Number of protein chains: 2
Amino acid sequence: MTFSKPVSTVDSTPVKKRKVTVVEVAEAAGVSVSAVSRAFNPEASISRPLREKVFKAAASLNYKPNRLARGIKSRSSLVGILMTDFNNPFYLPILNSFTTEIQRRNCHSLLINVNSDMDIQEAVELVMEYNVDGLIITSASLPEQLVEACKSQDTPVVIFGRDSHENSVTVVSCDNVLAGRMAADMLLDAGYDRPAFVAGPIGTSATVDRQRGFISRLMERGCNQWQVVEGGEFSYDAGYDATLRIFKGTERPDAMFYADDIMACGGMDALRYELNVKIPDDVGVIGVDDIRLAKSRSYDLSTIRQPNDQMILSSIDALFQHIADPNLPAQSITLPCEPVVRGSTKKGR
Amino acid sequence: MTFSKPVSTVDSTPVKKRKVTVVEVAEAAGVSVSAVSRAFNPEASISRPLREKVFKAAASLNYKPNRLARGIKSRSSLVGILMTDFNNPFYLPILNSFTTEIQRRNCHSLLINVNSDMDIQEAVELVMEYNVDGLIITSASLPEQLVEACKSQDTPVVIFGRDSHENSVTVVSCDNVLAGRMAADMLLDAGYDRPAFVAGPIGTSATVDRQRGFISRLMERGCNQWQVVEGGEFSYDAGYDATLRIFKGTERPDAMFYADDIMACGGMDALRYELNVKIPDDVGVIGVDDIRLAKSRSYDLSTIRQPNDQMILSSIDALFQHIADPNLPAQSITLPCEPVVRGSTKKGR
DNA sequence: CTGTTAGCGCATTCAC
DNA sequence: GTGAATGCGCTAACAG
């Protein structure tokens, strides 16, 4: 007669802290394992007294369910977050809110850093190996190819912050065309009439749409002296450099609309400290996002604010709805943005 | 006679995309399941030809190992990252590097947001439910109680960016006392002689040590006119407000040493735009970290740079060493920091 | 509502 | 070096 279980030796050196399992809790509580399982499963049907008996035994043994073992058959409670733009401060609060909301729903965040050298398809497949319940894509600068990678999965996906005219995958973004139009109005209303647009990463829906809205609104209002310059990535340096380039030309603009705030900050510094241009008198500046830095005294940047909190809540809601019911159709949620006038543009006449 | 496996109906609606498993790969390759398992396990012993045969079959079936199922018996390939300070831009590049390094080692990052309202102990236990292979604590402002929570686990833990005189858990940080001393030297060398220190979150080793080094060095060099003010959290607003408070007093300092860069930026703006003080002529300013913003033209902030990349590499190395050999003793790694002189302090005489 | 039982997908003893 | 069998911790039928 043998015991397969390890017998506790007199010398109780904790070789490897034994994980307490459902079986032990069941024994301690004098119930079945499924009772224990159900007790820890909020949506399972189990009587109050039984659940409490289980909880008491579990507490005394310091039992914690093993999420991996659970995930193998049912939900993993894992939500993947794919991210790229780790040098744009815009994304830190975003990450904060996403992780908070995910945790509020008793899930946790698997953060995948999609390096430039790694294939997106690969990244998506990778995260799937963890049986994630859902996937959030948080990156303005991931190529359209991403949508393809997502479609091939049967896991709910929400793409945050970019439009897509594909309606096969759920997308939450702000109205970037509107953002561009607002920027145009803001500059024209303030009396500028020769604006330039500094674009972000090419092929990114956000920057494309902002440009389209901006230009079309300018022309609607009869402004024809505008120019567009490639910016590069969403970063301080990109904004800085693009600004120097544009001011080397013969057509000096009297206002700058940057594809996002961090570029605008770089641009402002180039204007003030390198080109000796007065903001907002000589040149007006606008960005998009309303990052924390925008309202600093140093920048005091006029901008088009994205409704981040709403966008995140909508994303998470949509994601968990799809997790609950995978047959729900993909939806495209577009939220309005809002102009924020600060000191980098002249007061309207 | 019944089949427990679901029979493929003529109508092949993909109710739920069947996950390919080891069994199917084994059948396709004409080998045993354990062969498949070994093929995907780098450290298992298996012959070249067999492994390749398995890989070919796997590829044709588009098989991906299920990391959760794997993690239940052996390593989960998951590394937990505990974080708090989501409004300090300092942490975005940190997160970038950590996730990159973790992924380079074929693991992935479980990012846990330790909200102020949640218990640290709870957070640590939570992440353990995922059987993480290791845990990184990235937060200057987590209380000492954290160390206790970690000690009770048998999972390797590395605490990043704070000292601890506990030697029971591995800690990687820069020499914060030295940072304080460097700041003192930098200010005194530049000709300031009535400095103030703006502290960060109370009870945080980083800010305590910086203050200690700063003050002791000041006194060593015969400077006795210094003051200290509570700053609050590591944030722009905290630095801004603390600066206003200090300048309301009668003893106006001629130099400011902030516990970190983002506070220093807030402080600079309070000085320049609210108090009409000239930097660096009237007042010199120093921070710690060397965040991206510090080298912007707007702030051009003198600072004490932390060797982030090295600190992160050391953290990850130490963590994976402990994962490989859990019996390794905890180590305390302290790296040197480096003064970076920019425009917010006067040129030395 | 509760207990029994059979897997989930994989790693790992053992034999061979 | 390889294959067969057992079990990881838990959930999900299925009976009672």
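Heavy atoms only: backbone and side chains are in, while hydrogens, waters and symmetry mates are out. Just so we're on the same page: letters track the sequence lines, and every chain starts at 1. Note that the structure is predicted; figures quoted are calculated from it, not measured.
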**Q** Mind calculating the distance between CZ (Phe40(A)) and C1' (dG9(D)) to the nearest angstrom?
**A**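 It works out to 13 Å between those atoms.
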**Q** Arg51(A) has an atom CZ; how far is it from atom C1' of dT2(C), in whole Å?
**A**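 Computing the Arg51(A):CZ to dT2(C):C1' distance gives 13 Å.
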**Q** Do the side chain of Ser37(A) and the main chain of Val33(A) share a donor and acceptor less than 3.5 angstrom apart?
**A**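 No; zero donor-acceptor contacts below 3.5 Å.
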**Q** Backbone N or O of Arg38(A) within a donor-acceptor pair of the Arg51(A) side chain at under 3.5 Å?
**A** yes
**Q** Pull out every residue in residues 122-133 of chain B that has a heavy atom closer than 4.0 Å to any atom of DNA chain C, ordered by number, or say none.
**A**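 Within this stretch, nothing sits under 4.0 Å of the strand.
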**Q** Can you tell me the distance, in whole Å, between the CG atom of Leu61(B) and the P atom of dG9(C)?
**A** 14 Å
**Q** Does dC10(C) have its OP1 or OP2 closer than 4.0 Å to a side-chain nitrogen or oxygen of Arg70(B)?
**A**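 Looking at the OP1 and OP2 atoms of dC10(C), neither is under 4.0 Å from any side-chain N or O of Arg70(B).
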**Q** Take Val172(A) and Val158(A) through the side-chain contact (heavy atoms from CB on, under 4.5 Å) test and state the conclusion after the steps.
**A** CA-CA 7 Å; Val172(A) 176; Val158(A) 169; 4.1 Å; yes
**Q** Check the distance between dC10(C)'s P and Glu43(B)'s CD and give it to me in whole angstrom.
**A**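 From Glu43(B) CD to dC10(C) P: 17 Å.
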**Q** If I take atom CD in residue Glu24(B) and atom P in nucleotide dG9(C), what distance separates them, rounded to the nearest angstrom?
**A**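 Spelled out: CD on Glu24(B) to P on dG9(C) is 8 Å.
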**Q** Would Lys64(A) and Glu129(B) pass as an ion pair if we require N to O under 4.0 Å?
**A**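 Judged by the 4.0 Å cut-off on N to carboxylate O distance, Lys64(A) and Glu129(B) do not form a salt bridge.
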**Q** Here's a test of your reading of the structure: between Lys73(B) and Arg75(A), which maps to the more 5' nucleotide of DNA chain D?
**A** Lys73(B)
**Q** Salt-bridged, Lys56(A) to Glu52(A), with N to O below 4.0 Å?
**A**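 No, no charged N to carboxylate O under 4.0 Å.
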**Q** Atom CG of Asn41(A) and atom C1' of dC10(D): how far apart are they, to the nearest Å?
**A** 10 Å
**Q** Does Val171(A) offer a backbone N or O that forms a donor-acceptor pair with the side chain of Arg162(A) under 3.5 Å?
**A**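 No.
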**Q** Can you check side chain to side chain donor-acceptor pair (under 3.5 Å) on Asn113(B) and Thr99(A), steps first, answer last?
**A** CA-CA 6 Å; Asn113(B) 188 337; Thr99(A) 52; 2.9 Å; yes
**Q** Using a cut-off of less than 4.0 Å, is there contact between a side-chain N or O of Ser37(A) and OP1 or OP2 of dT11(D)?
**A** yes
**Q** Has the side chain of Ser109(B) got a donor or acceptor atom that lies under 3.5 Å from a matching backbone atom of Leu111(B)?
**A**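 Judged by distance alone, no pair lies under 3.5 Å.
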**Q** With a 6.0 Å cut-off (strictly less than), is the heavy-atom count around CG of Asn41(B), excluding the residue itself, greater than 12?
**A** yes
**Q** Starting from P on dT11(D), measure out to CG on Leu68(B) and report it in whole angstrom.
**A** 13 Å
**Q** Tell me whether the OP1 or OP2 atom of dC8(D) has a side-chain N or O from Asn66(A) closer than 4.0 Å.
**A**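 False: Asn66(A) side-chain N/O out of range (4.0 Å or more) of dC8(D) OP1/OP2.
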**Q** Identify all pairs in which a protein N or O lies below 3.5 Å from an N or O of nucleotides 2-4 of chain D, and state each distance.
**A**
unit_1, atom_1, unit_2, atom_2, d
dT2(D), OP1, Ser47(B), OG, 2.5
dT2(D), OP2, Ser47(B), N, 2.6
dT2(D), OP2, Ser47(B), OG, 3.1
dG3(D), OP2, Ser32(B), OG, 3.2
dG3(D), N7, Ser34(B), OG, 3.3
dG3(D), N7, Arg38(B), NH2, 2.7

